[in-house]
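All chains are named by letter (A, B, ...) in the order of the sequence lines, taking the proteins before the strands, and each is independently numbered beginning at 1.
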Amino acid sequence: MEIDPFIFRLSIFILSIFIGYYVVWSVTPSLHTPLMSVTNAISSVIIVGAIIAGLAGNSDFIFNTSSIFGFLAISLAAINIFGGFLVTQRMLAMYKKKKKDK
Amino acid sequence: MLSPNLSAIFYLISGVLFILALRGLSSPETSRQGNFFGILGMIIAITVTFLSIGNFSTGFVVVLIFLLIGGLIGAFIAYKIPMTAMPELVAGFHSLVGLAAVFVAIAAFLNPEAFGLGSPGNIKLGSLIEMSIGAAVGAITFSGSIIAFLKLQGIMSGSPITFKGQHPLNALILISIIVLTYLLCSTQSSNLFWILLAVSFLIGFLLIIPIGGADMPVVISMLNSYSGWAAAGIGFTLENTALIITGALVGSSGAILSYIMCKGMNRSFFNVILGGFGATEQSSSSQNKEQRPVKSGNADDAAFLMKNASSVIIVPGYGMAVAQAQHALREMVDTLKKNDIKVSYAIHPVAGRMPGHMNVLLAEANVPYDEVFELEEINNDFANADVAFVIGANDVTNPVAKTDPQSPIYGMPVLDVEKCKSVLFVKRSLSPGYAGIDNDLFYKENTLMLFADAKKMTEDITKNL
């Protein structure tokens, strides 16, 4: 009997939780705010689903109920992607080490 | 058009890049490179999606337009937002992830053919379960984050809103979500799908209103986690590796942050979530106070104390953020350093309204990050320091947490500020902090209260140094 592909996805999911666990514990507490803004940005990779939904209509019918929800989701996710990465960049640029005296 | 196997490999690559993005945050030096990996991963994921659909007709242009609109809004917000508003911003962003997850789930429910999930009214069972989970968690994330945003922004009062029968009601709604999901999967009725969404929006709202302002670090972390699980749910529906990996990463990241925040307050996760902390404690504490004498001073006294010190530890809290005093504080520290006084900063895990809030504000004011220490790193140094300068913090310095088992904050890790030779406490009044209890530190022999706005007081001290 063949293994259901769902099991493979579940394996990826469970292993990624463990990776997340160890990676996030090694994040220095002073960078916890940038951590939140960058996780925000990357979770907006949900945009791939929005794009699929948006492009699903045929060329005569670009706008149907499903694709409109797709288009709206694209904008929402894009706000997050651009906003999240840029604000993280802005924050990280501020973290500086002490200037060496003399 | 990209073959499904090739695009799956590219999605895997972007998932790995996202892992590296988080890995980079283990130190400020590698963090910028990490952010770059994250951006690269996102570009790969979006490009591959376009290529794998391969439909570059009018629809493609419309997609690009919506992408650009969102991108411009996002970029504008990112450049304009002041650093003190970071908690609100993050809460706002969480709500958008949640809503996007809901919209994608709706789109997939209405047009399952586009995603290869079957036909309307006959969606594959597994996909329907995944879709319902993604949609429900997304909806909870959305409405919960909106409430968190309103509370942080001050539009809604930060005090907990509680009413009778709140917990049974919430429990009932959570059970109804499970029942609805089950019914939805057995009947495929679209009405049930909409009801499920409505009920999920409602529970998100109800879950967050009883949680008070200073518990926001836990709430934000928790919603961060939810947004990850919502993304993972949708990732299963779309059979997309990048989304599954990311969802798992974000979900566990938020969960760890919630755990760290709860530990910083010595409260269990459920205790925070069930809420009502500030409301229940305030009444009991108001009976026996206003009796004890306090010593209060002015900027001149404070400057005198600090000038004669050889080491000073600064303890910032939410009040510093409210007063926007971080720049004035750094100027004061610069003057102290010119006089050969050693200065360091002590940050409590739950200082401010979100994890790492104080660190970002200090970084914004050009404070080098190697002068900023976490509680465990610096707590032993208070005994050897001459002056502790508490600016906008309260409960996290309260020695009661170590001495009085009756106190609601007993057992919470606190900064040992009282061990310093003298303590300067900048505060607007003697009012108790969030936990609603009096701070013993106010009445200590070696404490000098400085009643003023944090920013103004700091500036005055600098003038007197």
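When all heavy atoms of B:Met42 and A:Val45 are compared, the closest pair comes out as CE-N, 3.8 Å. Of all non-hydrogen atoms in B:Ala232 and A:Phe13, the two that sit nearest each other are CB-CE1, 3.4 Å. For A:Ser44 against A:Ile81, the heavy-atom pair with the smallest separation is CB-CG1, 3.5 Å. The two residues A:Tyr21 and B:Ser252 come nearest to each other via the heavy atoms N-OG, 3.6 Å. For the pair B:Pro355 and B:Met261, the tightest heavy-atom approach, listed with the atom from each and the gap, is CB-CE, 3.7 Å. Taking all atoms of both residues into account, the shortest heavy-atom contact from B:Ala107 to A:Ser66 is O-OG, 3.1 Å.
Of all the listed residues (A:Leu10, A:Ile42, A:Val27), the one sharing the greatest number of non-hydrogen pairs under 4.5 Å with chain B is A:Ile42. If you tally non-hydrogen atom pairs under 4.5 Å between each of B:Leu99, B:Leu257, B:Val367, B:Leu362 and chain A, the highest count goes to B:Leu257. Interface check for chain A: of the options B:Ile347, B:Ile77, B:Ile245, B:Leu238, the most heavy-atom pairs under 4.5 Å are formed by B:Ile245. In terms of heavy-atom pairs under 4.5 Å with chain A, the best-connected choice from B:Leu72, B:Val250, B:Asn366, B:Leu249 is B:Val250. Per-residue heavy-atom pair counts under 4.5 Å with chain B were compared for A:Leu92, A:Ile14, A:Val87, and the maximum is reached by A:Leu92. Among A:Gly70, A:Pro29, A:Ala77, the residue making the largest number of heavy-atom pairs under 4.5 Å with chain B is A:Pro29. Between chain A and the options B:Glu239, B:Glu130, B:Glu113, the largest number of non-hydrogen pairs under 4.5 Å is found for B:Glu239. Across A:Val24, A:Ile19, A:Leu15, A:Ile68, the residue that shares the most heavy-atom pairs under 4.5 angstrom with chain B is A:Val24. The candidate from B:Tyr79, B:Tyr11, B:Phe60, B:Phe109 with the greatest count of non-hydrogen atom pairs under 4.5 Å with chain A is B:Tyr79. Considering only heavy-atom pairs separated by less than 4.5 Å from chain B, the leading option among A:Asp4, A:Leu86, A:Asn80, A:Ile17 is A:Asn80. Note: B:Gly356 leads B:Gly356, B:Ser221, B:Gly41, B:Ala101 in heavy-atom pairs under 4.5 Å with chain A. Most heavy-atom pairs under 4.5 Å with chain B: of the set A:Ala73, A:Ser75, A:Gly20, this distinction falls to A:Ser75.
Here the OG1 atom belonging to B:Thr237 is positioned 10.5 Å from the CD1 atom belonging to B:Ile129, to the nearest 0.5 angstrom. Remark: B:His94 NE2 to A:Asn40 CG distance equals 4.0 Å, nearest 0.5 Å.
Contact annotation for A:Leu35: both backbone and side-chain heavy atoms come within less than 4.5 Å of a heavy atom of chain B. Heavy atoms of B:Glu364 lying under 4.5 Å from chain A belong to its backbone as well as its side chain. The contact between A:Ala50 and chain B is made by backbone and side chain atoms together, counting heavy-atom distances below 4.5 Å. Within the 4.5 angstrom heavy-atom criterion, no atom of B:Val372 approaches chain A. With a threshold of 4.5 angstrom between heavy atoms, B:Leu22 approaches chain A through its backbone and through its side chain. Interface remark: B:Ile65 contributes no atoms to any contact with chain A (heavy atom separation under 4.5 Å). Of the two parts of B:Glu29, only the side chain, counted from C-beta on, holds a non-hydrogen atom closer than 4.5 Å to a non-hydrogen atom of chain A. Contact of B:Ser253 with chain A is made through backbone and side chain together, with heavy-atom distances under 4.5 Å. With a 4.5 Å cut-off on non-hydrogen atoms, B:Leu96 touches chain A through its backbone and its side chain both. Using a 4.5 Å cut-off between heavy atoms, B:Phe36 makes no contact with chain A at all. Within the 4.5 angstrom heavy-atom criterion, no atom of B:Ser52 approaches chain A. In this structure, chain A has no heavy atom under 4.5 Å from any part of B:Phe76. Only the side chain of A:Val38 has a heavy atom closer than 4.5 Å to any heavy atom of chain B. For B:Ile244, the parts lying under 4.5 angstrom from a heavy atom of chain A are both the backbone and the side chain. Only the side chain of B:Ile53 comes within contact range of chain A, with at least one heavy atom under 4.5 Å from a heavy atom of that chain. Residue B:Ile81 touches chain A through both its backbone and its side chain, counting heavy-atom pairs closer than 4.5 Å. Heavy-atom distances place both the backbone and the side chain of B:Leu25 under 4.5 Å from chain A.
No more than 12 heavy atoms of other residues, nucleotides or ligands shown are found within 6.0 angstrom of CZ on B:Phe10. The environment of A:Ile3 atom CD1 is sparse: at most 12 non-hydrogen atoms of other residues, nucleotides or ligands sit within 6.0 angstrom.
Counted by atom type alone, A:Ser37 and A:Thr88 present one or more donor-acceptor pairs between their side chains at under 3.5 Å. Side-chain atoms of B:Asn224 and A:Thr39 form a donor-acceptor pair, as typed in the model, at a separation below 3.5 Å.
The backbone N or O of B:Ala78 sits less than 3.5 Å from a side-chain atom of A:Arg90, completing a donor-acceptor pair. Side-chain atoms of B:Ser225 do not come within 3.5 Å of backbone N or O of B:Gly254 as any donor-acceptor pair. Side-chain atoms of B:Thr141 do not come within 3.5 Å of backbone N or O of B:Gly98 as any donor-acceptor pair. Judged by distance alone, with hydrogens and angles left aside, the side-chain atoms of B:Asn359 form no donor-acceptor pair with the main-chain N or O of A:Leu31 at under 3.5 Å.
Ring geometry, B:Phe236 versus A:Phe6: the interplanar angle falls from 30° to 60°, so the pair is classed tilted.
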